[in-house]
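Working notes, structure below.
Order of appearance sets the numbers: ligands from 1, and atoms from 1 within every ligand. Because the structure is a prediction, the values reported are computed rather than measured.
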Amino acid sequence: MIQQIQTLQVEVLAHLQTITNESALIEYRNQILGKSGELTTILKWLKDLTPEERWTVGKSANETRDIITDAFEAERTRIKKDLIAQRLSSEQEDMTVPLLREHGSLHPITLVQREVEDTFVRMGFDIYDAMEMTSEYLNFDAVNVPKTHPARDMQDTFWLEGKWNVLATQTSCMQNLIMRNKNTPIRAIIPGRVFRNEDVDATHDNTFYQVEWIVVDKWIGVSHLKFTIETMLSDIFGKKVDIRMRPGYFPFVEPGVEVDFSCPFCDGVGCKICKGSGWIEFMWAGLIHPNVIREGGLDPDIYSGFAFGFGLNRLVMIRYGIPDMRYFMSPDVRFLKQF
Ligand code: PHE
């Protein structure tokens, strides 16, 4: 009987090697160790033996049962591991294959706006997004635009009904709110979307973006104005940019200036972008008019400040060489995909 048990053990261990899947393994386990399995049947005969025989045969039978049980367990682990290894190699993803799904990207206006904001945040400015609907008071009266100024005409302004009766025509409509709501010193950058009832062409749109910044404190002068403009432009173009100022008129600044910067593409020599002049015109600035400071709730004999604004669309066009402003509002992905 011992012989029979040992033969069974050898057979089982050999057969296990040939099994490659879990269901075959379970079936074979039942055939050997199940209720009426081959080993179980042999063990049942033990009760018919004499006590001495039972002791020796029983010992060997138990040992065999343990060996076989362990062998089944080990085989099961091996089959599972093989299965995992097989799946890992067959289901492997190649991370270097480009995804077919299309991804969106940031609009070029957003990209440049963020760069501008970064420069000012570094200089300690707070960011205020401009309101798109505002009031005639904030957009015009509070910033010293005379009642008779042509900009208030139906030609330029989109009028609305109600308390917020104007679509902002300029980010300057935030100056008064900021002065009234923030303690001095004020260092604010105001990006915003503004609207003017204008004919649309390659360089004009009825909806466009401006960025304005204001500083209000004691002893603020033109040198502060010059420094912040130069820092912003040098950051945007990645090189030192010079500026020059010419007199300009805006009701809310006195003196008012128009600002040009040296062409970063030809370093002032003259090229297509600066139309041969070496300078690019595009900003407006000035020391804030005392009336505006007073209307903002501050004493103009103590406080002074400067305001500065530019058209973000134009800066983005110069920066990326975009020929037509209408691209910005069009949903053409061939344009948007380039950024
Ligand atoms: N708000 C003016 C405009 O839109 C621009 C400006 C801003 C001028 C700040 C001077 C100072 O025309």
Below 3.5 Å, can you tabulate the donor-acceptor pairs from side chains in residues 250-268 to any protein atom, sequence neighbours excluded?
residue : atom : partner : partner atom : Å
D260    : OD1  : R246    : NH2          : 2.8
D260    : OD2  : R244    : NE           : 2.9
D260    : OD2  : R244    : NH2          : 3.2
D260    : OD2  : R246    : NE           : 2.9
S262    : OG   : D242    : N            : 3.0
D267    : OD1  : K239    : NZ           : 3.1

Starting from the N and O atoms of ligand 1, collect every protein N/O partner closer than 3.5 Å and put each pair on its own line with the distance to 0.1 Å.
residue  : atom  : partner : partner atom : Å
ligand 1 : 1 (N) : Q170    : OE1          : 2.8
ligand 1 : 1 (N) : S172    : OG           : 2.8
ligand 1 : 4 (O) : R196    : NH2          : 2.9
ligand 1 : 4 (O) : Q210    : NE2          : 2.9

task = Establish, from distance only, whether the side-chain atoms of S60 and Q6 form a donor-acceptor pair under 3.5 Å.
result = no
inquiry  = Using a 3.5 Å distance criterion without hydrogens, assess whether the side chain of Q210 forms a donor-acceptor pair with backbone atoms of T171.
reply    = yes
ask   = Within a reach of under 6.0 Å around NZ of K240, are more than 12 heavy atoms found that belong to other residues, nucleotides or ligands?
value = yes
task = With the side chain counted from C-beta on, respond yes when H204 and R196 share a heavy-atom pair under 4.5 Å apart, and no when they do not.
result = no
task = Answer yes when D299 and K218 have at least one side-chain N-carboxylate O distance shorter than 4.0 Å, and no when they do not.
result = no
